[in-house]
Protein chains: 2
Amino acid sequence: MTLSEEDYIKAIYHLGKGENTTVSTNAVAEQMDTKPSSVTDMVKKLSEKGVANYKPYKGVSLTEYGQKIALSLVRKHRLWEVFLVEKLDFSWDEVHEVAEQLEHIKSEKLVDQLDKHLGFPQVDPHGDPIPSKKGEFKKAIKKLLNEVPIGKSGICVGVKDSSPPFLKFLDKNKIALGDTILVLDKEEFDGSIDIQIKERTIHISSQIATNLYLKITE
Amino acid sequence: MTLSEEDYIKAIYHLGKGENTTVSTNAVAEQMDTKPSSVTDMVKKLSEKGVANYKPYKGVSLTEYGQKIALSLVRKHRLWEVFLVEKLDFSWDEVHEVAEQLEHIKSEKLVDQLDKHLGFPQVDPHGDPIPSKKGEFKKAIKKLLNEVPIGKSGICVGVKDSSPPFLKFLDKNKIALGDTILVLDKEEFDGSIDIQIKERTIHISSQIATNLYLKITE
DNA sequence: ACAAATATTTAGCTTTGTCTAAAATTATTT
DNA sequence: AAATAATTTTAGACAAAGCTAAATATTTGT
């Protein structure tokens with residue numbers, strides 16, 4: 001696969017949200033910041049190569065083989081993101097562009113060894129799951145912290161309320177996007193919860209918990 | 001710079017042995033496994049871009065700017081080689097192909113952080129020196145172990161005598177290509193020497209020392 | 001159901017990097 | 001120093017991947 005073909009495969013995969021959905025030429029063009037006519041050309045080629053199913057005017061989807069390739073790319077992308085954050089001190093919002101390049105490196109041994117070096121991580125710095133070598137992985141869902149069951153952990157990915165006082169609170173308690181939060185206990189009465197974050201245990205009110213989004217897997 | 005341009009720059013650099021030598025179109029073509037006519041086209045473009053000096057029929061050399069690019073590529077290549085060997089357990093002879101891909105990744109932060117992560121290594125797994133960020137580096141020379149001065153260390157890169165008994169000796173003493181050897185002491189009388197290799201100290205006869213090549217820097 | 005709007009494809013052109021074959025230049029030999 | 005050999009460049013073609021403009025399908029609104 002060429003670099004460009006791989007980019008198209010990833011775009012089709014992501015637009016189909018991982019399920020094997022048919023996506024439109026226009027959608028792919030927009031996603032990839034290119035023109036619809038270029039997409040038509042490329043999906044024809046991918047179709048001939050057995051990577052995609054394409055019917056003129058009817059959109060395009062990935063074949064089994066195409067999905068395999070997509071999953072391998074996603075796996076590589078997310079492993080590299082973990083590497084950049086954990087080993088090279090990148091912040092969670094700096095990694096995408098570089099991982100976008102690294103995911104195209106071709107070497108099975110490289111990926112396997114990288115996975116091992118990182119301790120076989122399950123999720124990337126954005127809380128998204130990393131497919132196994134065979135392409136299996138759990139879905140990630142975004143939930144408000146108060147909806148996360150006891151014992152589950154997730155990665156902080158956003159806030160519902162973005163008012164200065166709330167953001168100030170998060171800052172003061174050293175809760176940042178990208179942090180892993182584990183729900184230790186919940187108080188039925190007032191909805192407050194105990195969480196563990198970076199080795200620290202803190203108690204959080206319901207108001208806070210209903211305004212913080214976590215990404216949790218499975 | 002495109003991937004292809006970078007490959008040409010590296011080829012011209014290596015053929016010129018790092019000094020700013022003029023190299024022939026044919027030599028570049030052979031090195032890159034391509035045709036002389038393709039080289040002509042490319043060096044014209046590199047010349048227009050201010051990367052190379054090219055006079056028809058007279059060969060091509062790198063400009064200052066071109067040399068800077070070459071050194072940056074060499075730096076990246078060798079840092080990635082160290083990474084692959086030290087962190088991902090690649091053996092010294094498996095790294096080249098993968099490093100050849102990784103050297104094209106564009107991110108200054110990536111290279112700086114990688115350098116730091118590896119502890120600012122001075123040489124790659126083949127004993128070749130790694131240019132600093134500014135492009136400075138010491139030359140590497142290949143010497144027989146008996147010619148290496150006391151206190152200097154180098155990396156084992158080859159043998160003069162490749163007879164089975166000699167190779168068996170190396171194997172028994174766990175001396176392998178890629179190992180770092182430090183010369184501790186020399187015996188004037190019989191030319192035998194003490195070396196340190198992988199935390200072990202061993203005594204080696206003159207016959208052995210005159211048949212083992214090390215790469216040492218400066 | 002038909003016209004208008006939107007989406008998609010086709011046709012033809014551009015750029016990058018490569019190739020082959022022919023022409024031009026430089027080097028070598030006698 | 002002329003002839004031959006070797007090297008290098010030019011000219012013209014090709015594949016990949018992209019674009020624009022025009023043509024064709026499909027969808028939507030009434």
Side-chain angles (χ1 to χ4, degrees), chain A residues 1-16 21-63 65-66 69-70 73 100-101 103-106, chain B residues 1-16 21-63 65-66 69-70 73 100-101 103-106:
Chain A
M1 294 295 138
T2 69
L3 211 132
S4 192
E5 287 169 347
E6 291 189 346
D7 283 340
Y8 276 96
I9 292 170
K10 260 191 65 174
I12 297 167
Y13 178 83
H14 281 131
L15 286 169
T21 316
T22 294
V23 298
S24 79
T25 307
N26 254 15
V28 176
E30 195 168 325
Q31 165 92 5
M32 298 202 50
D33 203 23
T34 183
K35 302 292 166 184
S37 54
S38 308
V39 176
T40 303
D41 288 347
M42 183 56 95
V43 297
K44 272 184 193 165
K45 189 166 56 146
L46 291 179
S47 202
E48 274 165 26
K49 283 201 171 190
V51 169
N53 302 305
Y54 167 64
K55 289 268 171 232
Y57 296 104
K58 298 300 176 192
V60 63
S61 62
L62 294 176
T63 62
Y65 175 42
I69 297 171
L73 289 166
E100 203 75 358
Q101 298 179 61
E103 73 191 3
H104 295 292
I105 304 290
K106 283 161 184 58
Chain B
M1 294 296 138
T2 68
L3 210 132
S4 192
E5 286 169 348
E6 290 188 346
D7 284 340
Y8 276 95
I9 292 169
K10 261 192 64 177
I12 297 168
Y13 178 84
H14 281 130
L15 287 169
T21 316
T22 294
V23 298
S24 78
T25 307
N26 255 14
V28 176
E30 195 168 327
Q31 164 92 7
M32 299 201 49
D33 201 24
T34 183
K35 302 291 163 183
S37 55
S38 308
V39 177
T40 303
D41 288 347
M42 183 55 94
V43 297
K44 273 184 192 165
K45 188 167 59 147
L46 292 178
S47 201
E48 274 164 28
K49 283 201 171 189
V51 170
N53 301 305
Y54 167 65
K55 289 269 172 252
Y57 296 103
K58 298 299 176 192
V60 63
S61 63
L62 294 176
T63 62
Y65 175 43
I69 296 171
L73 288 167
E100 203 75 357
Q101 298 179 62
E103 74 191 1
H104 295 292
I105 304 290
K106 283 164 183 56

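Chain letters run A, B, ... following the sequence lines, proteins first and then strands; every chain starts at 1. This is a predicted model, so every value here is computed, not measured.
The CE-C1' distance, from M32(A) to dC19(D), rounds to 15 Å in whole Å. At whole-Å resolution of the value, CG in L3(B) and P in dA16(D) are 18 Å apart. For the pair M1(B) CE and dT16(C) C1', the interatomic distance rounds to 15 Å; values are reported in whole Å. One can place CD of Q31(A) at 18 Å from C1' of dA7(C), the figure rounded to the nearest angstrom. Nucleotide dA11(C) holds its C1' atom 18 Å from the NZ atom of K35(A), rounded to whole Å. Taking atom CG of residue D7(A) and atom C1' of nucleotide dA16(D), one finds them 14 Å apart after rounding to whole Å. dT16(C) atom P lies 12 Å from atom CG of D41(B), rounded to whole Å. Across the protein-nucleic acid pair, K44(A) atom NZ and dA16(D) atom P stand 14 Å apart, rounded to whole Å.
Between T25(B) and the phosphate of dT9(D), there is a side-chain N or O to OP1/OP2 separation shorter than 4.0 Å. For S37(A) and dG18(D), the shortest distance from a side-chain N or O to OP1 or OP2 is not below 4.0 Å.
Picking from dC19(C), dT9(C), dC19(D) the nucleotide with the shortest atom distance to the side chain of Y57(A) gives dT9(C). Here the nucleotide nearest the side chain of M42(B), chosen from dG18(D), dT9(D), dT18(C), is dT18(C). Side chain of K58(B), nearest nucleotide from dC19(C), dT26(C), dT9(D): dT26(C). You'll find that the side chain of Y8(B) is closest to dT18(C), out of dT20(D), dT18(C), dT9(C). Nearest nucleotide to the N26(B) side chain, out of dT9(C), dT26(C), dT8(D): dT8(D). Closest contact between the side chain of P56(A) and the listed nucleotides dT9(C), dC19(D), dA11(D) involves dT9(C). Of the candidates dT9(C), dC19(D), dT20(C), dT9(C) carries the atom nearest the T40(A) side chain, counting heavy atoms from C-beta on.
Residues E30(B) and K35(B) are not paired through a salt bridge, judged by the lack of any N-O separation under 4.0 Å between the basic side chain and the carboxylate.
When heavy atoms are screened at a 4.0 angstrom cut-off, S38(B) is found touching base atoms of the nucleic acid. Using a 4.0 Å heavy-atom cutoff across all strands shown, S4(A) reaches sugar-phosphate atoms only and no base atom.
Using a distance-only test at 3.5 Å, with no hydrogens or angles considered, a donor-acceptor pair links the side chain of E5(A) to the main chain of T2(A). Side chain of S24(B) to main chain of G59(B): no donor-acceptor pair is present (N/O by atom type, distance under 3.5 Å, no hydrogens or angles). Without hydrogens or angle criteria, T25(A) side chain to T40(A) main chain gives no donor-acceptor distance under 3.5 Å.
In E100(A), the CD atom is crowded: over 12 heavy atoms of neighbouring residues, nucleotides or ligands sit closer than 6.0 Å.
Taking only distance into account, the side chain of S24(A) never meets the base of dT8(C) through a donor-acceptor pair shorter than 3.5 Å.
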